[in-house]
Colleague: 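Submitted below is the structure of interest, expressed as structure tokens.
Order of the sequence lines sets the chain letters (A, B, ...), proteins ahead of strands, with each chain counted from 1. This is a predicted model, so every value here is computed, not measured.
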2 protein chains.
Amino acid sequence: MSLESYPRPSVTVDVIIFRLLDEDLQVLLVKRKFPPFEGKWAIPGGFVNIDESLDAAARRELEEETDVRDIYLEQLYTFGDLERDPRGRVITVAYMALVPAYALSPRAGDDAAEATWWSMGALPPLAFDHARVLPYALQRLRYKIEYSAVGFELLPEVFTLSELQRAYEVILCEELDKRNFRRKMLSAGVIEGTGHVRSGDGRPAQLYRFRDDAVAEVRARRLFP
Amino acid sequence: MSLESYPRPSVTVDVIIFRLLDEDLQVLLVKRKFPPFEGKWAIPGGFVNIDESLDAAARRELEEETDVRDIYLEQLYTFGDLERDPRGRVITVAYMALVPAYALSPRAGDDAAEATWWSMGALPPLAFDHARVLPYALQRLRYKIEYSAVGFELLPEVFTLSELQRAYEVILCEELDKRNFRRKMLSAGVIEGTGHVRSGDGRPAQLYRFRDDAVAEVRARRLFP
DNA sequence: ACAAAAGTGTTGAGAGTACACCCATGC
DNA sequence: GCATGGGTGTACTCTCAACACTTTTGT
């Protein structure tokens, strides 16, 4: 059976771009200008070129929206229901990107559709099946932050322990104990002090950075002994 | 931009079907009869029909290979590198299925390619990028068995605690303590006794079944407090 | 001196881990 | 009666979770 003999679905990548700003977890969405879903908001994405891998397509879409490189990008899930795009059969491979808040976007001088950051707690009406995709991504982010070190991808290069804790609290929607948090984070060996401090209101805070060499993947608690 | 204006990749689903037989974790592979990869072995799969969801396509492929229904099936990952299929641009959505050992397969009277169970410890030469896909699936299975109850999907409806423990040991390549295993498994509330026993060599063993209503998802140990 | 945020230890409970012997049956 | 696998309890360690006050700076 040849590759030619079947009608082919279209394949797109959608990139869910999260950032953390002002104690708020936000996602970048673009406004659709044409029917269907005119005026609704969608996860940025586009067709996969025939000579481009999925990862490369996702990275290209990401770089069309943000100005920074070396961004964390991970494949999430592939959504392929029949009725998800009324224009035809479109399968989309969803990726998740985590950008630090200073990543300039929506990109200046961009000719693409209007792009805006939305708080995950107050989303606008969404196009396609994106109302299903975003909660999936949030769940994955929450889950992953619990046993790996992806949380740092949302922070600037140096940060205080309080900022780090607030990042975790915002993503998990849960308050954490300061002493336990600091002890565990430090003993995990994933961050290191920079030797500098940051002054502000109150006592100046030590600054830390993420240790690139740290592979912090906590083993899951097992169901059995 | 219309859906028509781009050349489209082909989309397939591949279903990695695991079973557990004789203390051996096995995977079902089909022998390829035509170039490329003639004589090599591949994960069973096929094209996604234009009027069929991804999940439906995966289930159809699975049912072409096995005789049982209600089988555990989960989407794993989508592989979309350019050179993974020399015949052209083919993106494949990989699924993982777990079948009990009595699931008759390869299907009797099947007109499809020769299909054989292979031990995960001794795989034949593989087609496409399947040498990358199978270890990914195994890792996912190992990971998932540690914090959820998918392990039961590989066992018959009733089983002894020793059989269950051996299943875990085979998948994890790790010996487990009998007393700890039994205590934890019973206290987790995911299995219940049937009241019957099975006789064999030595003392007869109590038989258990999985409790459908048990939602045993163990929370991951967290990196932070 | 006071406001504001940073930083610091201890204790009790529960889970995990290691470990060795008796029990019920078939032959 | 013996070989074979089934079944059971305890002690130690370690991690988790709860909890409140002192320190350092800017104004």
Colleague: With the side chain counted from C-beta on, respond yes when A/T92 and A/T78 share a heavy-atom pair under 4.5 Å apart, and no when they do not.
Modeller: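 Counting from C-beta outward, A/T92 and A/T78 never come under 4.5 Å.
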Colleague: Counting side-chain heavy atoms from C-beta on, which of D/dG6, C/dA6, D/dT24 comes nearest to A/A205?
Modeller: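 Among D/dG6, C/dA6, D/dT24, the one nearest the side chain of A/A205 is C/dA6.
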Colleague: Report yes if a side-chain nitrogen or oxygen of B/R182 is closer than 4.0 Å to either non-bridging phosphate oxygen (OP1 or OP2) of D/dT8; otherwise report no.
Modeller: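 Negative; the distance criterion is not met.
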Colleague: Checking only heavy atoms, does the side chain of A/K178 share a donor-acceptor pair with the base of C/dG7 at less than 3.5 Å?
Modeller: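 Per atom types, the contact qualifies.
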Colleague: Taking atom types as they are modelled, would you say the side chain of B/D201 forms a donor-acceptor pair with the base of D/dA3 within the 3.5 Å cutoff?
Modeller: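 For B/D201, whose side chain was compared with the base of D/dA3, there is no donor-acceptor pair (under 3.5 Å).
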Colleague: Whole angstroms only, please: what is the CG-C1' distance between A/L161 and C/dT8?
Modeller: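 Interatomic distance, CG of A/L161 to C1' of C/dT8: 12 Å.
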Colleague: Base, sugar-phosphate or nothing for A/S162? Non-hydrogen atoms, less than 4.0 Å.
Modeller: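 Answer is sugar-phosphate: A/S162 comes under 4.0 Å of backbone atoms only.
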Colleague: Within this structure, what is the CG-to-C1' distance between B/L176 and D/dG7, rounded to whole angstrom?
Modeller: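 Spelled out: CG on B/L176 to C1' on D/dG7 is 17 Å.
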Colleague: Which nucleotide in the list C/dC19, D/dA18, C/dC23 gets nearest to the side chain of A/N180?
Modeller: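 Closest nucleotide among those given: D/dA18.
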Colleague: Check each of A/L126, A/V27, A/L29, A/V30 against A/I43 using the side chain to side chain contact (heavy atoms under 4.5 Å, CB included) test, and report the only one that passes.
Modeller: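 Checked A/L126, A/V27, A/L29, A/V30 against A/I43; only one passes side chain to side chain contact (heavy atoms under 4.5 Å, CB included): A/L29.
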Colleague: Figure out the CD/C1' separation between B/Q206 and D/dG7, and round it to whole Å.
Modeller: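 From B/Q206 CD to D/dG7 C1': 10 Å.
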Colleague: Counting distance alone, no hydrogens or angles: does the base of D/dT10 have a donor or acceptor under 3.5 Å from a partner atom on the side chain of B/R183?
Modeller: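 Looking at the base of D/dT10, it does pair with a donor or acceptor on the side chain of B/R183 (distance under 3.5 Å).
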Colleague: Nearest whole angstrom, please: distance from the P of D/dG7 to the CD of B/Q165.
Modeller: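 Computing the B/Q165:CD to D/dG7:P distance gives 11 Å.
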Colleague: Rounded off to whole Å, could you give me the NZ-to-P distance for the A/K184 and C/dG9 pair?
Modeller: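 Taking NZ of A/K184 and P of C/dG9, I get 19 Å after rounding.
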Colleague: I need the CZ-C1' distance between A/R203 and D/dC21, as an integer number of Å.
Modeller: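 Computing the A/R203:CZ to D/dC21:C1' distance gives 13 Å.
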Colleague: Name the closest nucleotide to the B/R179 side chain, picking from D/dT24, D/dC19, D/dG9.
Modeller: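 Of the candidates, D/dG9 comes closest.
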Colleague: Could you check whether the rings of B/Y168 and B/F181 sit parallel, tilted or perpendicular, using 30° and 60° as the cut-offs?
Modeller: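 If you compare the ring of B/Y168 with that of B/F181, the planes turn out perpendicular.
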Colleague: Please name the pair of heavy atoms, one in A/A127 and one in A/R32, separated by the smallest distance, quoted to 0.1 Å.
Modeller: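 Looking at all heavy atoms of both residues, the closest pair is CB-CD, 3.8 Å.
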Colleague: What is the separation between atom CG on A/D177 and atom C1' on D/dC21, rounded to the nearest whole Å?
Modeller: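 To the nearest whole Å, that distance equals 14 Å.
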Colleague: Hey, would you say the A/F152 and A/F159 ring centroids sit under 6.0 Å apart?
Modeller: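 That pair passes the under 6.0 Å test.
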Colleague: Can you tell me the distance, in whole Å, between the CG atom of B/L207 and the C1' atom of D/dG5?
Modeller: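 The answer, rounded to whole Å, is 14 Å.
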